Amino acid sequence: MAQDKKFVEEITPMDQDFTQWYTDVIKKAELVDYSSVRGCMVIKPYGYAIWENIQKELDYRFKQTGHENVYMPMFIPESLLQKEKDHVEGFAPEVAWVTHGGSEQLTERLCVRPTSETLFCDHYKNCIQSYRDLPKLYNQWCSVVRWEKNTRPFLRTLEFLWQEGHTAHATAEEAQEETIRMLNVYAEFCENVLAIPVVKGQKTEKEKFAGAKATYTIEALMHNGITLQSGTSHNFGDGFARAFGIQYTDKSNQLQYVHQTSWGVTTRLIGAIIMVHGDDSGLVLPPRVAPIQVIVIPISQHKEGVLEKASEITARLSGIVRARMDDSDKTPGWKFNEYEMKGVPLRLEVGPKDIEKGQVVLVRRDTREKVFVPMDELETRVPELLDEIHKNLLEKATRLRNEKTYTAVEMSEFRRIIETTPGFIRAMWCGDRACEDAIKEETGATSRCIPFDDNERVSDKCVYCGKEAKTLVYWGKAY
RNA sequence: CGGGGUGUAGCGCAGCUGGUAGCGCGCUUGGUUUGGGACCAAGAUGCCGCAGGUUCGAAUCCUGUCACUCCGACCA
């Protein structure tokens with residue numbers, strides 16, 4: 001017990017201080033390190049491996065939907081950034097500028113990309129002439145820089161890794177289809193790979209992307225009731241095309257502007273994984289992105305035959321899952337705690353007693369349930385268990401999300417919920433920007449989205465002004 | 001950009017009524033251990049964030065500065 005206490009002290013309990021808990025977990029689990037550059041982070045091997053798995057799963061889905069990867073420069077000439085008015089206004093406050101090359105001052109300063117719309121547009125202008133050149137379905141994996149004031153590992157850093165899809169289409173309908181298609185890809189990915197349930201919906205005018213005609217979003221709810229915008233998909237209409245002159249000749253020899261989209265997710269998703277699934281013992285990783293899915297721990301490894309058996313099992317499992325053995329000379333108890341902290345979904349213990357009985361012990365990270373499995377059933381039982389863990393994590397997260405989703409008809413209720421039990425607040429809105437601004441001013445909550453799958457009219461009146469309500473909005477405090 | 005906090009060994013901290021640096025963890029070596037963070041022994045590790053100043057003498061007092069971090073406003 002005394003030792004339990006000592007261990008627990010290393011990670012601040014969630015209920016006591018969620019922010020400190022988050023910081024403790026990312027450091028103890030060796031996901032990141034702070035760097036000497038303000039607001040930037042070192043993503044360590046264990047953290048980067050999660051990102052690689054996210055990339056692999058997403059990239060597969062992008063290819064399946066016809067997209068190709070490209071790479072654009074990381075610098076944008078100021079004049080290029082200036083071309084779309086709303087866009088530059090949205091990003092100007094947070095771009096980093098390169099003013100010198102070596103010791104020479106540049107004649108035109110370059111911004112370090114905060115996003116690459118302008119570069120893609122500049123390129124599309126050159127390579128799109130005919131309807132035969134459409135659609136262009138490009139994606140790029142890269143990092144971008146936004147000079148944020150307040151940073152937090154994974155959730156907000158000066159530089160972050162992401163993917164940005166940029167597409168150009170012949171018609172408005174096609175562009176809209178693409179926008180929704182990719183939003184659905186994100187939502188499906190979050191649920192089936194990250195075990196994170198999301199609310200899909202449209203952003204209000206106030207919250208939409210700088211330069212977009214419409215922005216769609218997936219919103220997730222963290223353990224502490226704070227919402228996290230986890231991915232966005234934008235329909236640009238022909239706004240950028242007009243600003244950049246991206247035109248093609250259609251079948252009837254008419255010049256037309258293209259219709260564009262863009263969509264992205266970032267390393268922020270790792271923050272979401274931590275804050276949705278984690279507990280007071282540390283990380284709980286969804287099996288499908290866990291760098292190690294099964295950790296094999298030999299017990300009494302100095303005894304004859306134990307290491308050999310453990311290696312053999314690891315080798316067998318490595319063919320079907322991401323398995324690793326820890327045969328370091330730490331004690332088993334130390335290893336148990338270590339891999340729990342790191343969120344490894346399944347622990348496999350094998351010791352002299354097990355070898356005698358022809359079995360191993362499997363322990364789930366999510367429920368800590370212990371099962372004895374005959375050695376010859378490992379190849380079927382391990383993948384089954386990993387699937388069960390995924391299912392359980394998604395169910396648990398969905399339950400929590402539902403519990404923390406409230407409805408407010410009056411502002412008094414709205415305020416009480418925000419102050420006492422943060423989460424999603426379903427409330428009607430008149431569509432007036434002034435009400436949205438006022439709600440944010442008074443409560444700190446912002447409109448997260450106008451949901452697709454929930455159009456209940458919980459009231460006839462706007463929760464703020466009492467005038468006729470247009471639509472249901474999900475509100476919440478956001479990271 | 002406003003408000004707090006912190007800079008001393010790899011990490012967490014003590015030392016701050018001035019006298020030249022210590023504890024715990026970790027690390028190295030050897031041995032005993034090993035089914036929930038083992039034990040013994042012997043080691044190694046410091047521009048006390050940086051720059052001035054006061055003083056015979058500064059981790060300690062004064063001034064400035066930088067960095068990180070947390071909370072707000074802005075944003076993925």
Side-chain angles (χ1 to χ4, degrees), chain A residues 1-11 17-20 22-24 27-28 30 33-41 89-95 114-115 143-164 186 203 206-207 209-210 215 217-220 227-234 262-272 281-282 297-303 306-307 326-341 347-355 360-361 363 368 370 372 440-441 444 446 477-479:
Chain A
M1 200 59 212
Q3 281 173 344
D4 275 5
K5 193 165 162 250
K6 184 184 147 213
F7 169 62
V8 168
E9 276 168 3
E10 291 188 14
I11 296 178
D17 183 346
F18 193 83
T19 303
Q20 192 58 49
Y22 180 80
T23 308
D24 288 348
K27 283 171 91 175
K28 301 287 177 198
E30 299 186 288
D33 217 341
Y34 290 105
S35 77
S36 49
V37 187
R38 179 193 81 84
C40 293
M41 61 177 171
E89 276 175 17
F91 283 100
E94 54 185 42
V95 294
T115 178
S143 74
V144 290
V145 169
R146 298 182 188 178
W147 217 261
E148 302 286 354
K149 304 279 196 287
N150 214 356
T151 60
R152 196 192 301 253
F154 290 121
L155 301 177
R156 178 164 300 107
T157 45
L158 288 202
E159 181 188 10
F160 56 91
L161 301 178
W162 80 345
Q163 105 352 260
E164 47 179 328
Y186 287 155
K203 287 285 186 189
K206 173 181 164 72
E207 297 289 332
F209 180 82
T215 290
T217 178
I218 49 171
E219 299 283 327
T227 65
L228 189 74
Q229 178 174 308
S230 304
T232 47
S233 187
H234 316 288
S262 91
W263 27 274
V265 297
T266 76
T267 34
R268 173 179 261 197
L269 285 175
I270 298 174
S281 301
I297 299 180
I299 308 291
S300 301
Q301 63 188 36
H302 60 289
K303 292 198 178 149
V306 172
L307 265 185
D326 185 346
D327 61 352
S328 68
D329 56 8
K330 301 282 191 198
T331 63
W334 189 92
K335 293 176 190 174
F336 295 167
N337 284 304
E338 176 71 8
Y339 292 101
E340 272 170 23
M341 192 157 66
R347 177 171 85 230
L348 189 156
E349 302 170 22
V350 56
K353 285 185 239 166
D354 303 308
I355 294 173
V360 300
V361 182
V363 186
R368 293 169 200 266
K370 216 174 224 194
F372 297 90
K440 182 173 181 188
E441 176 72 25
T446 50
K477 282 198 173 183
Y479 271 111

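The sequence lines fix the lettering, A, B, ..., with proteins before strands; numbering per chain opens at 1. Note that the structure is a prediction, hence the values are computed from the model and not measured. Below, each value reflects all heavy atoms present in this structure, side chains not excepted, and no hydrogens, waters or symmetry copies.
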Pairwise [atom1] distance, [M] and [N] [rounded to whole Å]:
| N | M | atom1 | answer |
| --- | --- | --- | --- |
| B:C48 | B:U8 | P | 11 Å |
| B:C11 | B:G46 | C1' | 15 Å |
| B:C39 | B:A21 | P | 31 Å |
| B:U60 | B:C16 | C1' | 4 Å |
| B:C66 | B:C50 | C1' | 7 Å |
| B:A58 | B:U63 | C1' | 15 Å |
| B:C23 | B:C61 | P | 23 Å |
| B:C70 | B:G53 | C1' | 32 Å |

Handout entry: Along RNA chain B (nearest heavy atom to each residue), the more 5'-positioned of A:L158 and A:K28
Key =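 Whichever sits nearer the 5' end wins; that is A:K28.
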Exercise for the section: By nearest nucleotide on RNA chain B, pick out whichever of A:K330 and A:K353 is the more 5' one. Expected result: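 Nearer the 5' end of the strand: A:K330.
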Could you tell me whether [X] contacts a base, only the sugar-phosphate backbone, or nothing, with contacts defined as non-hydrogen atoms closer than 4.0 Å?
| X | answer |
| --- | --- |
| A:V361 | base |
| A:L155 | base |
| A:T266 | base |
| A:E349 | base |
| A:P352 | base |
| A:T157 | base |
| A:T115 | nothing |

Indicate yes or no for a side-chain donor-acceptor contact from [X] to the backbone of [Y] under 3.5 Å, with no hydrogens or angles considered.
| X | Y | value |
| --- | --- | --- |
| A:K303 | A:G351 | no |
| A:K28 | A:M341 | no |
| A:Y186 | A:T217 | no |
| A:Q301 | A:P332 | no |
| A:T227 | A:K477 | yes |
| A:E349 | A:I297 | no |
| A:Y479 | A:Q229 | no |

Handout entry: A:T331 side-chain N/O to B:U34 phosphate OP1/OP2 under 4.0 Å
Key =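 It does not, given that no N or O in the side chain of A:T331 lies less than 4.0 Å from OP1 or OP2 of B:U34.
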Exercise for the section: Give a yes/no on whether any side-chain N or O of A:R152 is located under 4.0 angstrom from OP1 or OP2 of B:C71. Expected result: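 So the side chain of A:R152 is within the cut-off, an N or O lying under 4.0 Å from OP1 or OP2 of B:C71.
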Handout entry: Range-with-range stems of RNA chain B (Watson-Crick or G-U pairs under 3.5 Å, three or more in a row)
Key =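 The stems are B:1-7 with B:66-72, B:10-13 with B:22-25, B:27-32 with B:38-43, B:49-53 with B:61-65.
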Problem - Qualifying residues under side chain to side chain donor-acceptor pair (under 3.5 Å), relative to A:S143, sequence neighbours excluded - result: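 So A:S143 forms a side chain to side chain donor-acceptor pair (under 3.5 Å) with A:E159.
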Could you state the atom-to-atom distance from [atom1] of [X] to [atom2] of [N] in whole Å?
| X | N | atom1 | atom2 | value |
| --- | --- | --- | --- | --- |
| A:Y22 | B:C71 | OH | C1' | 17 Å |
| A:K335 | B:A38 | NZ | P | 11 Å |
| A:F336 | B:G35 | CZ | P | 8 Å |
| A:K303 | B:G35 | NZ | P | 10 Å |
| A:E30 | B:C11 | CD | C1' | 12 Å |
| A:D24 | B:U69 | CG | C1' | 13 Å |
| A:R368 | B:G35 | CZ | C1' | 17 Å |
| A:D329 | B:U32 | CG | P | 13 Å |

Identify all pairs in which a protein N or O lies below 3.5 Å from an N or O of nucleotides 73-75 of chain B, and state each distance.
from  : atom 1 : to     : atom 2 : distance (Å)
B:C74 : OP1    : A:K440 : NZ     : 3.2
B:C74 : OP2    : A:K440 : NZ     : 2.9
B:C75 : O2'    : A:E94  : OE1    : 3.4
B:C75 : O2'    : A:E94  : OE2    : 3.2
B:C75 : O2'    : A:E148 : OE2    : 3.2
B:C75 : O2     : A:R156 : NE     : 2.4
B:C75 : O2     : A:R156 : NH2    : 2.9
B:C75 : N3     : A:R156 : NE     : 2.9
B:C75 : N3     : A:R156 : NH1    : 3.3
B:C75 : N3     : A:R156 : NH2    : 2.0
B:C75 : N4     : A:R156 : NH2    : 3.2

Practice task
State which residues pass salt bridge (Lys or Arg N to Asp or Glu O under 4.0 Å) with A:E164; sequence neighbours excluded, sorted by chain then number.
Solution key: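 With sequence neighbours excluded, A:E164 shows a salt bridge (Lys or Arg N to Asp or Glu O under 4.0 Å) to no residue whatsoever.
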Handout entry: Qualifying residues under salt bridge (Lys or Arg N to Asp or Glu O under 4.0 Å), relative to A:R152, sequence neighbours excluded
Key =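 Listed in chain order: nothing, the list is empty.
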Exercise for the section: Answer yes or no: is there an ion pair linking A:R347 with A:E338, defined by an N-O contact shorter than 4.0 Å? Expected result: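 Between A:E338 and A:R347 there is no salt bridge, as every charged N stays at least 4.0 Å from the carboxylate O atoms.
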Handout entry: Contacts of type side chain to side chain contact (heavy atoms under 4.5 Å, CB included), residue A:K206, not counting sequence neighbours
Key =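 Result, side chain to side chain contact (heavy atoms under 4.5 Å, CB included) vs A:K206: A:T204, A:R433, A:E436, A:D437, A:K440.
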Practice task
For A:H302 and B:U34, say yes or no: do the ring centres fall under 5.5 Å of each other while the ring planes differ by less than 30°?
Solution key: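 Yes, A:H302 stacks on the base of B:U34.
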Exercise for the section: From the options B:A38, B:U34, B:C71, select the nucleotide whose nearest atom is closest to the side chain of A:T19. Expected result: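 The listed nucleotide nearest to A:T19's side chain is B:C71.
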Handout entry: Among B:C68, B:C70, B:G36, the nucleotide that comes nearest once only the side chain of A:R38 is considered
Key =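 Selected nucleotide: B:C68.
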Exercise for the section: Classify the side chain of A:R347 and the base of B:G36 as holding, or not holding, a donor-acceptor pair under 3.5 Å. Expected result: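 Between B:G36 and A:R347, which were checked side chain against base, a qualifying N/O pair under 3.5 Å is present.
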